[in-house]
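Right, one structure below, let's go through it.
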Amino acid sequence: MKGIREGKTRYTATPGMPELRSAIAQSLSRIAGRPLEAEGVVTGTGGKQGLFNACFCLFGPGDEVLIASPYWTSYPQIVTLAQADPVMVQGSEDRDFRLTPEDLEAKLTPQTRGLILCSPSNPTGTVYSLDELTAVAEWARERGVWLIADEIYRAIYFGEDRDYAPSILEIPEAKLPNYVLIDGASKSFAMTGWRLGFAFTEGPLAAKMSALQSHVTSNASAPSQVGALAAFSRTEEARVAVGSMVEAFRRRRDLVVGLFAELLPEVGFVAPKGAFYLFLRVDALFDGAITDSTTFCSWILEETGVATVPGVAFGDDRFVRMTFATSDSILEDAIRRMAKAIRER
């Protein structure tokens, strides 16, 4: 509101206000342990626009882009809009679907140009260790594959060893491929409706993405940029607030994991290490009426009023996704309703 009252409601440069880009670059530099230039930051209307810009600038007809599966629903659609071909790569369920270089090598073709990876993951909540990220990055570097790393949930991490999930920026430069990092204010600072995300890359790609964006949406909303500037520049206040938010999510994660283990031990799930989702495997409950994840979600909604998302939307029809981004009491009530309906069935 302060920014609006001060008249900061006009057009800005397409990639964002210089002071915001600088604050984001400083934030990323602290993660990387080396200086990163503000010229590599392109802000936009959510992380989704950064993904769109990157894919449209990097890929085209005849190109293949590997996508870690299960995936966020927009990844294959954005690749397809760029007229490239999405190629799904699924890691072992025993590894909570985290990819290895061997998984990637099995899908590599002469047309492979990119890899999209999300950690912490939407929809599974799985988190790659720094060693795992490094192995993937080295594979991409050796094969000339662009790595697009979606780290929008990086701050929502439940490990005890560090404050945020491992980032590709922590990988030694000598092991990094050409990359685009996607992040924003939506998840870390609970600013979803502000629609302020960004892409970061090194080299000329940032200028190309900015040029593309100038013909699509121009700059992100100026008041949203002012709000994000406060979040990225008031670092100590943000650190305390984010820490409090993450502790609340950790408590809710522990609550839902405990309740499912107690009430529905036959329903498996990926134990989330980050983000705020539980990816439930429900195919053991399929029968003549419930034949896939979509019909399961419809049934559980009608029976209990609990909304889940079909796993088919994320590339795996055996699963459904539920969020624990709500109050403890609502979560407990929802899971007890689900357990009752499933037991009675």
Side-chain angles (χ1 to χ4, degrees), residues 1-31 36-59 72-75 77-79 81-82 116 118 122 148-156 167 169 179-235 237-238 241-242 245:
M1 290 300 295
K2 184 175 182 288
I4 292 172
R5 293 191 187 100
E6 292 177 353
K8 295 178 180 178
T9 57
R10 296 177 174 83
Y11 291 131
T12 73
T14 295
M17 297 162 37
E19 57 268 44
L20 173 59
R21 297 172 75 195
S22 178
I24 292 171
Q26 290 176 33
S27 175
L28 297 178
S29 296
R30 287 190 289 272
I31 295 169
L36 299 175
E37 299 299 325
E39 287 73 17
V41 176
V42 181
T43 68
T45 51
K48 187 180 294 186
Q49 184 160 30
L51 286 160
F52 177 94
N53 290 346
C55 288
F56 267 65
C57 288
L58 291 173
F59 313 128
W72 181 49
T73 58
S74 289
Y75 295 155
Q77 302 302 326
I78 290 172
V79 169
L81 285 170
I116 301 178
C118 182
N122 176 4
I148 301 178
D150 186 347
E151 298 186 359
I152 194 75
Y153 295 95
R154 182 176 59 245
I156 305 175
S167 168
L169 295 179
Y179 71 90
V180 181
L181 181 143
I182 303 297
D183 200 351
S186 295
K187 306 305 189 296
S188 296
F189 304 121
M191 294 175 65
T192 52
W194 295 67
R195 303 305 303 142
L196 196 291
F198 67 84
F200 176 80
T201 187
E202 297 181 275
L205 179 60
K208 293 180 181 179
M209 291 194 293
S210 178
L212 171 66
Q213 186 170 302
S214 72
H215 298 293
V216 180
T217 61
S218 297
N219 60 276
S221 161
S224 293
Q225 291 188 58
V226 174
L229 175 60
F232 280 104
S233 59
R234 292 159 61 175
T235 54
E237 291 177 67
V242 171
M245 176 184 70

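All residue numbers refer to positions in the sequence shown, counting from 1.
Pairs engaging residues 20-29 under the side chain to side chain donor-acceptor pair (under 3.5 Å) rule: Ser22-Gln26 [sequence neighbours left out]. Residue pairs satisfying the salt bridge (Lys or Arg N to Asp or Glu O under 4.0 Å) criterion with at least one member in residues 200-229, sequence neighbours excluded, are listed as follows: Arg34-Glu202. Residue pairs satisfying the salt bridge (Lys or Arg N to Asp or Glu O under 4.0 Å) criterion with at least one member in residues 214-230, sequence neighbours excluded, are absent. Residue pairs meeting the salt bridge (Lys or Arg N to Asp or Glu O under 4.0 Å) criterion with at least one partner in residues 184-200, sequence neighbours excluded, are absent. Applying the salt bridge (Lys or Arg N to Asp or Glu O under 4.0 Å) rule to pairs touching residues 43-54 yields nothing, sequence neighbours excluded.
The closest side-chain heavy-atom distance from Ile116 to Val79 is below 4.5 Å. By the 4.5 Å heavy-atom criterion applied to side chains, Asn219 and Met17 are not counted as neighbours. When side chains are defined from C-beta on, Ile152 does not count as touching Ile182, because their heavy atoms never get closer than 4.5 Å. Residues Asp183 and Phe200 fail the side-chain proximity criterion, which asks for heavy atoms closer than 4.5 Å.
Scanning both residues, Gln225 and Gly16, for their nearest heavy atoms gives OE1-CA, 3.2 Å. The two residues Ile148 and Leu51 make their nearest non-hydrogen contact at CG2-CD2, 3.7 Å. Between Leu196 and Ser224, the closest heavy-atom pair is CG-O, 4.1 Å. Heavy-atom minimum distance, Leu36 versus Ala25: O-CB, 3.6 Å. In terms of heavy-atom proximity, Trp194 sits nearest to Gly227 at CZ3-CA, 4.0 Å.
By the ring pair (Phe, Tyr, Trp, His ring centres under 6.0 Å) test, Tyr179 is found to be paired with no residue, residues two or more places apart in sequence or in another chain being considered. Annotation: side-chain hydrogen bond (donor to acceptor under 3.5 Å, both in side chains) contacts of Thr45 (sequence neighbours excluded): Gln49. Partners of Ala155 under the side-chain contact (heavy atoms from CB on, under 4.5 Å) rule, at least two apart in sequence or in another chain, are Ser188, Val242. The salt bridge (Lys or Arg N to Asp or Glu O under 4.0 Å) check on Asp150 picks up nothing, with sequence neighbours excluded. For Phe56, the ring pair (Phe, Tyr, Trp, His ring centres under 6.0 Å) criterion is met by Phe52, not counting sequence neighbours. With sequence neighbours excluded, no residue forms a side-chain hydrogen bond (donor to acceptor under 3.5 Å, both in side chains) with Glu39. In this structure Thr14 satisfies the side-chain contact (heavy atoms from CB on, under 4.5 Å) test together with Ser210, Gln213, Ser214, sequence neighbours excluded.
Within the model, atoms OG of Ser218 and OH of Tyr11 stand 6.5 Å from one another, a figure rounded to the nearest 0.5 Å. If you take OG1 on Thr43 and CG on Leu229, they are separated by 11.0 Å, rounding to the nearest 0.5 Å. Rounding to the nearest 0.5 Å places SG of Cys55 at 6.0 Å from CD1 of Ile78. Note that the CZ atom of Phe232 and the CG atom of Leu28 stand 7.5 Å from one another [nearest 0.5 Å].
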query: Under the side chain to side chain contact (heavy atoms under 4.5 Å, CB included) criterion, do Leu181 and Arg154 qualify, and how do the steps go?
result: CA-CA 11 Å; Leu181 181 143; Arg154 182 176 59 245; 4.2 Å; yes
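Of the possible polar contacts, none joining the Thr201 side chain to the Gly40 backbone as a donor-acceptor pair under 3.5 Å is found.
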